[in-house]
Amino acid sequence: MSILEIRDGSFEVLSVAGDTYLGGDDLDDQIVQWLLRDFRKRHGIDLSGDRNVILRLRELAEAAKIEVGRNRIARIRDDVFCRDQNGRVFPLDATLTEAEFNKMASAIIQKTFKVCDEALQSAHLNPSEIDVVILVGGPTRLPVIRQSVQHYFGIEPLSSVDPDKVVSIGAALQAYALTSRNSVGYRLLDVTPITLRIGTVGGFTEKIIERNTPIPIEQSKTFTTSRDFQEKVKLRVYQGESNRVDECELLGEFEFSGFRVAPRGEVKIEVTFEIDSDGIVNVSALEKATGLKASTTIQLSSGLSEADIEASRKNNMDLPVAMGESR
Amino acid sequence: MNDQTPPDGSGLDLPDNISPEILAAVEIKAASLDESDYFQILEVPTDADQHQIKDAYRALARDFHPDCFRNFPVPEFQAQANKLFKRINEAYFVLRDDAKRAQYVAGITGPQREKKLRWSDESEAQKQAAKRRNTLERMGTTSQGRDCYQLALRAIEGKRWAEAVRQIKMAILYEPQNEYFKEKLSEVEAAAKNGGNG
């Protein structure tokens with residue numbers, strides 16, 4: 001979830017929060033589990049270990065989810081669903097009501113609102129201070145989700161934008177802003193979504209750039225060596241909200257050596273993290289006394305790899321924007 | 001286009017959304033960054049409230065966000081524009097948070113102003129150490145100080161004010177910097193005046 005303040009053409013991101021484990025697939029999974037339980041009750045057979053069955057159930061679950069959203073009820077039927085060794089055929093026949101589906105969805109929906117709480121807290125806002133809610137992604141068409149949003153924020157989510165197109169429309173607007181030779185009248189002011197840290201002794205990390213800091217940005221902290229006559233330091237870059245290494249993700253590391261060898265605590269090393277407006281992280285280490293420096297670059301990946309982007313460009317060569325031009 | 005194009009915008013075919021005035025402004029602002037404090041960088045008075053800070057930031061972002069200059073890919077200029085906006089973001093990040101702002105103001109109004117123009121978060125290890133020091137000071141950092149203080153506390157319990165005052169004064173002799181002892185002394189002296197005996 002992202003909270004933005006839109007004013008005078010400036011689209012300022014106030015905070016970003018997310019749970020990568022939430023999504024439409026998770027609702028489908030809930031239905032699959034429910035179907036497996038139902039089948040086991042009727043026929044005494046546990047199909048949860050059969051991959052083909054699970055794949056088939058996922059297809060049926062996704063269709064049922066959409067149907068329940070439209071008609072408030074969905075009949076899931078497959079007369080020749082599976083066969084045992086003796087050739088006996090077992091049908092699948094289950095009816096998913098809106099009530100049953102809403103029960104399944106509620107646990108997931110609760111998690112979604114936990115994310116909202118987090119984002120609002122970071123932005124120092126109450127749900128009632130939000131003026132517009134834009135829903136993103138097909139699953140948000142489900143009535144239960146729209147109702148929960150209305151209940152949490154006290155306003156109805158916007159219905160004039162297609163939730164499946166919202167992200168691409170935004171990306172297109174930003175692409176135009178970046179390539180246009182005319183004044184566009186709007187500007188995105190983005191933030192970094194996860195705290196960047198450096199590994200220190202004892203399995204801990206030290207925060208260098210807090211999440212929700214506007215980018216581009218640069219922050220430094222000074223550290224010292226932890227052992228007498230240490231000859232090199234290993235700089236490990238992490239992302240995460242915990243100060244414990246085992247709760248963070250390692251993004252990259254590099255070694256810094258050649259500095260003055262001295263008792264611990266006497267060598268001062270300034271570590272600088274820089275995030276540029278494309279989300280690239282540069283980490284450098286500097287021994288202040290001698291000016292000795294080392295650095296490395298880390299790509300914060302968020303979806304497409306360079307190869308994917310290049311492939312996408314090649315496939316769309318007829319569009320001027322792919323050529324780096326604009327009108 | 002020839003390679004010797006000057007970075008100041010003169011003689012270039014600039015797109016409509018980049019003006020020579022803005023290009024010049026970037027260079028001027030970038031040059032003075034290291035001597036400026038965050039208030040100067042955001043162009044706000046030192047008593048600016050949150051609304052003024054936000055408005056100032058928004059106005060600067062409109063003209064100086066690096067995305068404004070994508071059609072002007074001169075490396076030296078890009079480096080300056082980036083350096084400038086990173087510092088603007090840094091200033092905004094600190095001044096919009098009351099706690100960070102207070103810490104920052106204390107730094108730049110103190111004797112080491114030039115060193116404190118860039119704010120740096122106290123490391124988490126330092127914060128823990130400060131907390132530990134705090135706790136220790138309350139009971140005394142020297143064994144003699146601790147002993148006298150303990151005797152003083154016992155005297156306070158028994159309302160033996162004169163003895164308590166004597167013991168705390170002794171503790172302060174051993175730890176003249178201990179603010180908690182001094183506070184306790186004023187408390188006890190006040191209690192002695194009101195309480196009466198001893």
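Numbered from 1 within each chain, the chains take letters A, B, ... in sequence-line order.
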Listed by residue number, which members of residues 39-50 of chain B have a heavy atom under 4.5 Å from any heavy atom of chain A?
none
Select one option (side chain, backbone, both, neither) describing which atoms of Glu218(A) are under 4.5 Å from chain B's heavy atoms.
both
Do the side chain of Lys221(A) and the main chain of Phe273(A) share a donor and acceptor less than 3.5 angstrom apart?
no
Let's go through Glu206(A) and Thr200(A) carefully: what are the C-alpha distance in whole Å and the side-chain angles of both, what is the deciding distance for side-chain hydrogen bond (donor to acceptor under 3.5 Å, both in side chains) to 0.1 Å, and is it a yes or a no?
CA-CA 7 Å; Glu206(A) 192 68 39; Thr200(A) 55; 5.1 Å; no
Please determine whether the number of non-hydrogen atoms from other residues, nucleotides or ligands lying under 6.0 Å from atom NZ of Lys182(B) exceeds 12.
yes
For Thr222(A), which atoms come within 4.5 Å of any heavy atom of chain B: side chain, backbone, both, or neither?
neither
Any donor-acceptor pair under 3.5 Å from Asn71(B) side chain to Ser180(A) backbone:
yes
Would you mind checking which part of Ile208(A) comes under 4.5 Å of any heavy atom in chain B, side chain (CB onward), backbone (N, CA, C, O), both or neither?
neither
More than 12 heavy atoms of other groups within 6.0 Å of Arg227(A) CZ
no
Contacting moiety of Asp55(B), where chain A heavy atoms sit under 4.5 Å
side chain
From CA spacing to verdict: side chain to side chain contact (heavy atoms under 4.5 Å, CB included), Asn178(B), Tyr149(B)
CA-CA 11 Å; Asn178(B) 192 323; Tyr149(B) 190 65; over 6 Å; no
Heavy-atom count around Arg154(B) CZ within 6.0 Å, excluding the residue itself: above 12?
no
Lys184(B): salt bridge (charged side-chain N to carboxylate O under 4.0 Å, His left out) partners, not counting sequence neighbours:
Glu187(B)
Quick one, Glu231(A) with Ser257(A), criterion side-chain hydrogen bond (donor to acceptor under 3.5 Å, both in side chains). Give me CA distance, side-chain angles, the key distance, then yes/no.
CA-CA 6 Å; Glu231(A) 285 179 359; Ser257(A) 58; over 6 Å; no
For Asp190(A), is it the side chain, the backbone, both, or neither that has a heavy atom closer than 4.5 Å to a heavy atom of chain B?
neither
Any residues in residues 79-96 of chain B near chain A, with a heavy-atom distance under 4.5 Å, and which are they?
Asn82(B), Phe85(B), Lys86(B), Asn89(B), Glu90(B), Tyr92(B), Phe93(B), Arg96(B)
Under 3.5 Å, is there a donor-acceptor pair between the side chain of Arg197(A) and the main chain of Tyr238(A)?
no
Just to verify, what does Arg236(A) make a side chain to side chain donor-acceptor pair (under 3.5 Å) with, not counting sequence neighbours?
Glu253(A)
Taking Asp131(A) first and then Arg7(A), would you say they form a salt bridge - that is, a charged N and a carboxylate O separated by under 4.0 Å?
no
